[in-house]
Amino acid sequence: SGRKPLAGKRALVTSGPTHEPIDPVRYIANRSSGKQGHAIAAALAALGADVTLVSGPTRLPDPPGCTVVAIETAREMLAACLAARDAAVPVDIAVCAAAVADWRVAGASDRKLKKDGGGPPALALTENPDILATLSQAGPRRPALVIGFAAETGDVVATATAKRARKGCDWIVANDVSLGTTTFGGTDNTVHIIRADGVESWPTMGKDAVGARLAEAIAAHVAD
Ligand code: C5P
C-alpha cells in the first residue's frame, strides 16, 4: 500500500550477529539483536524494493516482504552477499547493518573440545573478511549506493568519517554508543548520517523510525 518509490530497485541488507564456531557446540558471538538491520529491510520493502536480507542468528521474525537468507558465520555472510550481488538482477542498494565478528577461531575443532587435564585450550584467532569493504570495491557489480554502520564512542563523527573513507562506502550511519549501553539490543538509536557532502544528525528515535527515515533518504537519493 502507499507510495512505492523503490519499486524496481533491488536491495541487500545484512543484519544480526555472526556466530564463529570454536567446536561443534561452542561459538563466539556478540550482543547484536538484529533489530536495526531488520527494521531497515522491512522499511525498504515497504517502499517497494526487492529486498534480500542476509542475517545471522536472531530472535526476530522474518520482516514482511523480504527474502531472508539465514547464515551463521562471517564467511557464510560474505558468500550469501556475493551470491546476491552477482545474481542476474544487480543490487542497487546495499546496507551493511550486521555486527560481523572481526575474528574467527583459526582451525575450529570438528570434535568437541574436552577437559583432558592438559589445561584450557588456547584459541588462535584469525581475521574475518570485511563484507562492507568488499561490497564497496569498485567494479561493474558494485551497488550504486553502499551504506555501512559504525558504532562509536568519543568523537563519533570524526571516527565514522574516517571509517567511511577506509571502507569505501557511500554513507555511514554512525551510532553513538557512548550515550548508554542500550543501543545493542535496545529499541532506540541515536545516529548521524555521514555522506560525502556532510553530516546529518538525527534525534534519538526508535529503530523502526530510524529504518523508515533511512529508507526514505535512500529513496530520495535513488530518485535524484
Ligand atoms: O570496522 P567496523 O566493524 O567498525 O565497521 C562496521 C561496519 O562494517 C558495519 O557496517 C558492519 O556491518 C561492517 N562490517 C562488515 N564485515 C566485517 C566487519 C564489519 O561488513 N567483517
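Start at 1 and go down the list; that is how both ligands and their atoms are numbered.
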With backbone taken as N, CA, C and O and side chain as the heavy atoms from C-beta onward, which portion of P129 lies under 4.0 Å from ligand 1: side chain, backbone, both, or neither?
-> backbone

Is it the side chain (CB and beyond), the backbone, both or neither of N128 that lies under 4.0 Å from ligand 1, heavy atoms counted?
-> neither

Ligand 1 contact by M77, heavy-atom criterion under 4.0 angstrom = no

Using only heavy-atom distances, determine whether the side chains of T190 and T204 contain a donor-acceptor pair under 3.5 Å.
-> yes

Is there a donor-acceptor contact under 3.5 Å linking the side chains of N189 and Q36?
-> yes

Hey, which atoms in ligand 1 end up nearer than 4.0 Å to a heavy atom of [X]?
X	value
K167	1 (O), 2 (P), 5 (O), 8 (O), 19 (C)
L132	7 (C), 8 (O), 10 (O), 13 (C), 15 (C), 20 (O)
A98	11 (C), 12 (O)
G148	10 (O)

Name the closest protein heavy atom to [atom], giving the residue it belongs to and the distance to 0.1 Å.
atom	answer
atom 4 (O) of ligand 1	K163 NZ, 2.3 Å
atom 14 (N) of ligand 1	D130 OD1, 3.9 Å
atom 6 (C) of ligand 1	F149 O, 3.0 Å
atom 3 (O) of ligand 1	D102 OD1, 4.1 Å

Does R213 make a cation-pi contact with W202 (under 6.0 Å, within 45 degrees of the axis)?
-> yes

Kindly identify the option in [options] whose heavy atom sits closest to [atom].
atom	options	result
atom 17 (C) of ligand 1	V146, N175, V100	V100
atom 10 (O) of ligand 1	A97, A151, A174, C96	C96
atom 15 (C) of ligand 1	I131, L78, I172	I131

Between [X] and [Y], does any side-chain N to carboxylate O distance fall below 4.0 Å?
X	Y	result
K163	E152	yes
R3	E216	yes
K167	D130	yes

Measure the spacing between NZ of K35 and CG of D188 and express it to the nearest 0.5 Å.
-> 10.0 Å

Any side-chain heavy-atom pair of P21 and R26 under 4.5 Å = no

Can you spot which of R195, R142, H221 makes a side chain to side chain donor-acceptor pair (under 3.5 Å) with D170?
-> R142

